[in-house]
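To start, the structure itself, in structure tokens.
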Amino acid sequence: MKWEEFLTKYGDLPLIEPRLVRAGAENPESVHSQLRRWSSKGKLVKLARGKYVIAEPYRKREVPVEYLANKLVYPSYISLDYALAYHRLIPEAVYTVTSVTRGRPSRFENPLGTFRYRHVQRSMFFGYQEETLSGLNFLVATPEKAFLDRFYFWTGPVTPERLRELRPQNLDKIDPEVLTEFAQRT
């Protein structure tokens, strides 16, 4: 398949996976090597094993890192510091997209960002909502669950001093009843 044909067929997709391209290919065995060649030429960006996006000069749509975070590891939802910043509950800008998953902890660094995944027990995998950016849906922890997930991964006690170090703000976004309910579930 030629690059122009590939762009016509798959250029509107936010994420390219070899299995999708193989399904429409005349020679399915050559798909992986073709994707690797286009990646080395800068036409595709490899995000993780079997996950690509079209490189910037050729990309037809914006692909938010939040969407990609959910797709790199499934199931997962954005949480911890990134979700706290997303909900404007902490003043810092957070550049690593932090997520939780029932799967293995992992980390991916690629030209679009750094993505970190922390493992939680199945019983802790709740408290997220669907959001949309650039027409693409992704899962992110609710404000209450983002705080609880942050506390879950803290080593040592949660003290008033440690809470102040977070410099929480906009706490009116936190529903005390929901926070209590979620805390009782953990």
Side-chain angles (χ1 to χ4, degrees), residues 1-120 125 128-142 146 149-150 153:
M1 176 181 315
K2 301 250 185 265
W3 176 246
E4 293 75 25
E5 180 187 348
F6 178 83
L7 274 181
T8 301
K9 275 182 133 173
Y10 305 106
D12 289 328
L13 295 178
L15 186 71
I16 308 293
E17 296 181 76
R19 63 186 169 90
L20 174 71
V21 180
R22 261 195 324 266
E26 291 175 20
N27 184 0
E29 295 79 35
S30 68
V31 167
H32 286 285
S33 39
Q34 184 64 60
L35 293 176
R36 278 194 299 275
R37 270 195 300 277
W38 287 333
S39 179
S40 68
K41 290 180 178 181
K43 294 179 177 182
L44 292 176
V45 175
K46 183 176 182 177
L47 302 175
R49 184 175 182 213
K51 313 265 185 194
Y52 298 86
V53 293
I54 295 175
E56 188 60 47
Y58 308 101
R59 195 175 308 148
K60 296 179 182 179
R61 69 184 304 177
E62 180 184 343
V63 183
V65 294
E66 294 86 356
Y67 169 82
L68 295 174
N70 281 181
K71 297 300 181 187
L72 293 179
V73 172
Y74 178 84
S76 68
Y77 64 89
I78 296 165
S79 190
L80 305 159
D81 291 352
Y82 195 90
L84 291 172
Y86 177 83
H87 291 299
R88 293 180 174 82
L89 296 170
I90 58 173
E92 286 78 27
V94 177
Y95 298 103
T96 297
V97 183
T98 51
S99 299
V100 296
T101 180
R102 294 186 327 235
R104 289 188 198 156
S106 55
R107 179 183 174 101
F108 301 99
E109 289 187 44
N110 55 57
L112 273 65
T114 301
F115 302 85
R116 184 175 184 203
Y117 299 84
R118 305 285 304 264
H119 170 77
V120 293
F125 199 83
Y128 50 86
Q129 60 197 26
E130 189 172 71
E131 298 276 333
T132 303
L133 286 173
S134 300
L136 298 169
N137 299 334
F138 62 95
L139 302 177
V140 61
T142 64
D149 284 344
R150 183 70 163 87
F153 287 106

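This structure is a prediction, so every number in the text was calculated from the model and none was measured.
For the residue pair Ala83 and Ala146, the shortest heavy atom distance occurs at CB-CB, 3.8 Å. When every heavy atom of Leu68 is checked against every heavy atom of Pro14, the shortest pair comes out as CD2-O, 4.5 Å. When all heavy atoms of Ala69 and Val97 are compared, the pair lying nearest together is CB-CG1, 3.6 Å. The two residues Leu136 and Pro64 have their closest heavy-atom pair at CD1-CD, 3.7 Å.
To the nearest 0.5 Å, the span separating CD1 on Ile54 from NZ on Lys43 amounts to 11.5 Å. Within the model, atoms OG of Ser39 and CD of Gln34 stand 11.5 Å from one another, a figure rounded to the nearest 0.5 Å. Rounding to the nearest 0.5 Å gives a distance of 11.5 Å between CD1 of Ile16 and NZ of Lys9. Within the model, atoms CG of Leu7 and CG of Leu13 stand 11.0 Å from one another, a figure rounded to the nearest 0.5 Å. With rounding to the nearest 0.5 Å, the separation of CG in Leu72 from CG in Asn110 is 7.0 Å. Put simply, CZ on Arg107 and CZ on Phe115 are 11.5 Å apart, with the number rounded to the nearest 0.5 Å.
Sorted by first and then second residue, the side chain to side chain donor-acceptor pair (under 3.5 Å) pairs involving residues 92-105 (not counting sequence neighbours) are Glu92-Arg167. Listed by first then second residue, pairs satisfying salt bridge (charged side-chain N to carboxylate O under 4.0 Å, His left out) with a partner in residues 131-142 number zero, not counting sequence neighbours. For the salt bridge (charged side-chain N to carboxylate O under 4.0 Å, His left out) condition, no pair includes a residue of residues 67-77, sequence neighbours left out. For residues 72-86, the salt bridge (charged side-chain N to carboxylate O under 4.0 Å, His left out) pairs, not counting sequence neighbours, are Asp81-Arg150. Residues in residues 45-65 take part in these salt bridge (charged side-chain N to carboxylate O under 4.0 Å, His left out) pairs, two or more places apart or across chains: Glu17-Lys51, Glu56-Arg59.
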Report task. Quick one: do Val94 and Tyr86 satisfy side-chain contact (heavy atoms from CB on, under 4.5 Å)? Show the steps, please. Result -> CA-CA 9 Å; Val94 177; Tyr86 177 83; over 6 Å; no
Query raised in the report: So Arg118 and Leu80, side-chain contact (heavy atoms from CB on, under 4.5 Å) or not? Walk me through it.
Result: CA-CA 9 Å; Arg118 305 285 304 264; Leu80 305 159; 3.8 Å; yes
Requested in this report: In sequence, state the C-alpha distance, the side-chain angles, and the governing distance for Tyr82 and Arg116, and then conclude on side-chain contact (heavy atoms from CB on, under 4.5 Å).
Outcome: CA-CA 10 Å; Tyr82 195 90; Arg116 184 175 184 203; over 6 Å; no
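The side chain to side chain donor-acceptor pair (under 3.5 Å) search around Arg88 returns none, not counting sequence neighbours. Partners of Asn137 according to the side chain to side chain donor-acceptor pair (under 3.5 Å) rule, which considers only residues two or more places apart in sequence or in another chain, are Thr132. For Phe6, the ring pair (Phe, Tyr, Trp, His ring centres under 6.0 Å) partners two or more places apart in sequence, or in a different chain, are Trp3, Tyr10, Trp38. Scored by the ring pair (Phe, Tyr, Trp, His ring centres under 6.0 Å) test, Tyr77 finds Phe125, Tyr128 as partners (sequence neighbours excluded). Val45 meets the side chain to side chain contact (heavy atoms under 4.5 Å, CB included) test with Leu47, Val53, Ala55, Pro111, Leu112; sequence neighbours excluded. Among residues two or more places apart in sequence or in another chain, the side chain to side chain donor-acceptor pair (under 3.5 Å) test is passed with His119 by none.
Between Leu133 and Phe138, the closest side-chain pair of non-hydrogen atoms falls below 4.5 Å.
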